[in-house]
Amino acid sequence: TADAYVFQAMLHKFLQRERQEDWFEIFNKVGIYHLGGDNFKHLLYTIPLTPKSVVILDGNKRGMIKKVIEKLNDYGAGKVFPEFVLCDSVDRLGELFGQHGKCPVYCLEKDDVKDYFGLKTKKPKEIAKHAWSADDVPDEFCKIFEATIIQKVEIDKSQILSKSLKPVLV
């Protein structure tokens, strides 16, 4: 759960800095979900074809994710859930985000989200508290938000209540 809290805090800070005029509208249209830590491999299939999604995993999942998504894609990608595509860079993540029937999967550079803040604790409340009080958003997070939310989503203020942005899945 700490990962979802951290991404929520970082997105909030990023949007307040980069999109001062409409940060609140964007923030409230992004869903951030947690895929159960090491149980993510059993929950990926629950990601629907729509709305568009992206999966962000801790870097320590890099060794196993390729095999997991290959197996899942062979099972039924494009029918109920999107085809999962492993991205080796944030640029690739941005290219794939929003493409019909595809869900980019990206592993963070660091093994654990808490490592971006130099924390040793594994307690979600402490990690979340630190994320909300942090002054800066890690560069990698900024690049992810820029490649997905800022570059790919236009906000039409006349339709704020009827449109929804793509959720970011953690």
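The chain is numbered in sequence order, starting from 1.
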Problem - side-chain contact (heavy atoms from CB on, under 4.5 Å) evaluation trace for Phe97 with Tyr106 - result: CA-CA 11 Å; Phe97 183 72; Tyr106 177 76; over 6 Å; no
Handout entry: Minimum side-chain heavy-atom gap Leu57-Cys107 below 4.5 Å
Key = yes
Practice task
Would you kindly confirm whether Tyr5 and Tyr116 end up in one hydrophobic cluster when ILVMFWY residues are joined by side chain heavy atoms under 4.5 Å apart?
Solution key: no
Exercise for the section: Using a 4.5 Å cut-off on heavy atoms from C-beta on, say whether the side chain of Ile47 contacts that of Tyr33. Expected result: no
Problem - Mutual orientation of the aromatic rings belonging to His130 and Phe117 [parallel < 30°, tilted 30-60°, perpendicular > 60°] - result: perpendicular
Handout entry: Interatomic spacing from CG in Leu93 to CG in Leu86 - rounded to 0.5 Å
Key = 10.5 Å
Exercise for the section: Step through the shown structure and confirm whether more than 12 heavy atoms of other residues, nucleotides or ligands are within 6.0 Å of CG on Asn28. Expected result: yes
Problem - Passing option when His12 is tested against Phe7, Phe27, Phe145, Phe24 for ring pair (Phe, Tyr, Trp, His ring centres under 6.0 Å) - result: Phe27
Fill in the blank from the handout: Rounded to the nearest 0.5 Å, the CG atom of Leu72 sits from the CD atom of Glu70 at a distance of 11.0 Å
Problem - Close side-chain approach of Val105 to Leu44, heavy-atom, < 4.5 Å - result: no
Handout entry: Test side-chain contact (heavy atoms from CB on, under 4.5 Å) applied to Gln8 and Trp132, step by step
Key = CA-CA 9 Å; Gln8 185 179 25; Trp132 280 103; 4.0 Å; yes
Exercise for the section: Only counting residues at least two apart or in another chain, list the ones meeting salt bridge (Lys or Arg N to Asp or Glu O under 4.0 Å) with Glu83. Expected result: Lys102
Practice task
Compare all side-chain heavy atoms of Glu109 with those of Pro138 and state whether any distance is below 4.5 angstrom.
Solution key: no
Handout entry: Glu126 vs Lys129 side-chain heavy atoms within contact, under 4.5 Å
Key = no
Practice task
Walk me through it: do Asp38 and Lys61 pass the test salt bridge (charged side-chain N to carboxylate O under 4.0 Å, His left out)?
Solution key: CA-CA 8 Å; Asp38 287 339; Lys61 305 293 189 273; 2.9 Å; yes
Practice task
Identify whether the distance between the nearest side-chain nitrogen and carboxylate oxygen of Arg92 and Glu95 falls below 4.0 Å.
Solution key: yes
Practice task
Nearest 0.5 Å please: distance from the CD1 atom of Ile26 over to the CG atom of Asp22.
Solution key: 4.0 Å
Problem - Side chains of Val113 and Asp58 in contact at under 4.5 Å (non-hydrogen atoms) - result: yes
Practice task
Please tell me if the side chains of Leu108 and Ile144 come closer than 4.5 Å, counting only heavy atoms from C-beta onward.
Solution key: yes
Problem - Set of salt bridge (Lys or Arg N to Asp or Glu O under 4.0 Å) partners for Asp136, sequence neighbours left out - result: none
Completion exercise
The reported gap from CG in Asp3 to NZ in Lys114 (rounded to nearest 0.5 angstrom) is 10.5 Å
Practice task
Taking the side chain as every heavy atom from C-beta outward, state whether His100 and Lys52 have any pair of such atoms under 4.5 Å apart.
Solution key: yes
Practice task
Indicate, with yes or no, if the rings of Phe141 and Phe14 have centres closer together than 6.0 Å.
Solution key: no
Fill in the blank from the handout: In terms of heavy-atom contacts, Pro104 and Cys87 come closest through CB-SG, 3.6 Å
Exercise for the section: Examine distances only and state if a side-chain atom of Thr50 and a backbone atom of Pro48 form a donor-acceptor pair shorter than 3.5 Å. Expected result: no
Completion exercise
Between Thr121 and Ile127 the two heavy atoms that sit nearest each other are O-CD1, 3.6 Å
Problem - N-O pairing of Asp135 and Lys13 below 4.0 Å - result: no
Practice task
Could you go through the side-chain contact (heavy atoms from CB on, under 4.5 Å) check for Ile65 and Phe40 one step at a time?
Solution key: CA-CA 10 Å; Ile65 188 60; Phe40 80 92; 3.3 Å; yes
Practice task
Go through the structure and list residues passing salt bridge (Lys or Arg N to Asp or Glu O under 4.0 Å) with Lys41, not counting sequence neighbours.
Solution key: none
Fill in the blank from the handout: Distance col, row Glu146:CD vs Asp139:CG, nearest 0.5 angstrom, shows 12.5 Å
Fill in the blank from the handout: Heavy-atom nearest pair, Asn73 first then Pro82, reads OD1-O, 4.1 Å
